[in-house]
Amino acid sequence: MTTAHTHELTKNQTLVFNALSRADGPLSAYTILDQLRGDGFRAPLQVYRALEKLLDYGMVHRLESINAFVACAHPHSHSHGHTHGMIAFAICEKCGQVSEFSDDVITQRVRQWTTDNAFKPSKTTIEIRGVCASCGTA
Ligand SMILES: [Zn+2]
Ligand SMILES: [Zn+2]
């Protein structure tokens with residue numbers, strides 16, 4: 001098994017990953033494309049191809065409910081790959097800030113349910129949408 005941080009990234013993958021790392025919140029593929037036009041990106045497909053690999057490597061996550069992407073907040077803990085359990089995201093609908101966390105109790109409950117129901121999970125993501133602490137007090 002190779003460690004997560006030593007993946008050989010192509011130039012495009014590096015550019016896409018850096019764009020997401022710099023961002024304050026999640027970015028759509030089209031926003032990424034717009035930011036990288038100066039770096040030679042021309043078509044959404046180039047962004048999607050890079051994102052696909054970064055998703056594979058666990059360096060980036062897709063937020064299904066808002067169709068956007070974020071850099072992983074703790075890439076090293078994903079280096080154990082498929083044993084990584086559930087990932088949860090709290091998405092602020094006001095400022096767009098995303099907090100990534102995982103919780104062993106929820107992970108265990110989900111595993112228990114899937115075992116009991118003979119369901120084979122390929123991926124579990126929880127997305128909580130709402131208002132973050134700083135927006136809630138504003
Ligand atoms: Zn992550
Ligand atoms: Zn907020």
Side-chain angles (χ1 to χ4, degrees):
M1 188 193 293
T2 56
T3 50
H5 55 280
T6 56
H7 286 299
E8 291 273 339
L9 297 186
T10 64
K11 180 168 165 278
N12 282 4
Q13 287 159 15
T14 306
L15 286 166
V16 169
F17 183 69
N18 288 346
L20 285 167
S21 304
R22 286 197 293 270
D24 293 329
L27 300 179
S28 72
Y30 282 88
T31 308
I32 298 170
L33 177 63
D34 277 345
Q35 291 190 3
L36 297 179
R37 279 190 198 279
D39 294 298
F41 276 73
R42 298 273 177 277
L45 190 63
Q46 290 171 291
V47 175
Y48 281 116
R49 280 216 192 97
L51 283 170
E52 217 168 275
K53 277 293 164 198
L54 294 167
L55 287 164
D56 268 7
Y57 297 154
M59 298 172 69
V60 159
H61 299 299
R62 182 205 301 270
L63 300 171
E64 317 276 354
S65 70
I66 55 174
N67 195 20
F69 301 84
V70 282
C72 178
H74 47 78
H76 297 286
S77 69
H78 290 289
S79 60
H80 304 293
H82 37 93
T83 58
H84 182 82
M86 173 223 72
I87 309 169
F89 298 95
I91 305 165
C92 177
E93 290 179 322
K94 288 200 172 162
C95 68
Q97 189 198 292
V98 173
S99 307
E100 176 180 345
F101 65 96
S102 47
D103 182 289
D104 289 342
V105 174
I106 301 175
T107 303
Q108 276 169 24
R109 297 271 170 152
V110 171
R111 277 216 184 108
Q112 189 62 52
W113 186 92
T114 54
T115 306
D116 291 350
N117 291 274
F119 187 89
K120 290 195 182 71
S122 53
K123 179 183 159 213
T124 309
T125 310
I126 294 178
E127 296 182 19
I128 308 163
R129 296 180 59 171
V131 178
C132 75
S134 42
C135 292
T137 55

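We're numbering straight along the sequence, starting at 1.
Contact between Lys94 and Cys135 at its shortest, heavy atoms only, is CB-SG, 3.7 Å. Nearest approach of Gln13 to Glu8, heavy atoms of both residues: OE1-O, 4.0 Å. Taking both residues in full, the closest heavy atoms of Arg62 and Asn67 are given as NH1-OD1, 4.4 Å, listed atom of the first, atom of the second, then distance. For the pair Ala71 and Phe17, the tightest heavy-atom approach, listed with the atom from each and the gap, is CB-CE1, 4.1 Å. When all heavy atoms of Val16 and Ala50 are compared, the pair lying nearest together is CG2-CB, 3.7 Å. Annotation for Val131 and Gly136: closest pair CG1-N, 3.5 Å, computed over non-hydrogen atoms.
Atom CD in Glu93 sits 12.0 Å away from atom CD1 in Ile128 (nearest 0.5 Å). Rounded to the nearest 0.5 angstrom, Ile32 CD1 and Leu20 CG are separated by 4.0 Å. In this structure, Gln112 CD and Thr115 OG1 are separated by 6.0 Å, a value rounded to the nearest 0.5 Å. The line from CZ of Phe101 to CD1 of Ile126 is 7.0 Å long, rounded to the nearest 0.5 Å. Separation of atoms CD1 (Ile66) and CD (Glu127) is listed at 7.0 Å; rounding is to 0.5 Å. Here CD of Glu100 is found 9.5 Å from OG1 of Thr125. Values are rounded to the nearest 0.5 Å.
No side-chain heavy atom of Val110 sits under 4.5 Å from any side-chain heavy atom of Pro121. With a 4.5 Å cut-off on side-chain heavy atoms, Leu27 and Gln35 count as touching. A 4.5 Å side-chain heavy-atom check between Val70 and Pro26 finds at least one atom pair inside the cut-off.
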- Could you check Arg49 against Asn12 for side chain to side chain contact (heavy atoms under 4.5 Å, CB included), going step by step and ending with a plain yes or no? CA-CA 9 Å; Arg49 280 216 192 97; Asn12 282 4; over 6 Å; no
- Message: Using side chain to side chain contact (heavy atoms under 4.5 Å, CB included), reason through Cys72 and Met59 one step at a time and then give a plain yes or no.
- Response: CA-CA 5 Å; Cys72 178; Met59 298 172 69; 5.5 Å; no
- Mind running side chain to side chain contact (heavy atoms under 4.5 Å, CB included) on Tyr57 and Leu9 for me, showing each step along the way? CA-CA 10 Å; Tyr57 297 154; Leu9 297 186; 3.6 Å; yes
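Residues Leu36 and Leu55 share a hydrophobic cluster, clusters being chains of Ile/Leu/Val/Met/Phe/Trp/Tyr side chains in contact below 4.5 Å. In this structure, Leu45 is not a member of the same hydrophobic cluster as Leu15, with clusters built from ILVMFWY side-chain heavy atoms closer than 4.5 Å.
For CG of Asp24, the number of neighbouring non-hydrogen atoms (other residues, nucleotides, ligands) closer than 6.0 Å is 12 at most.
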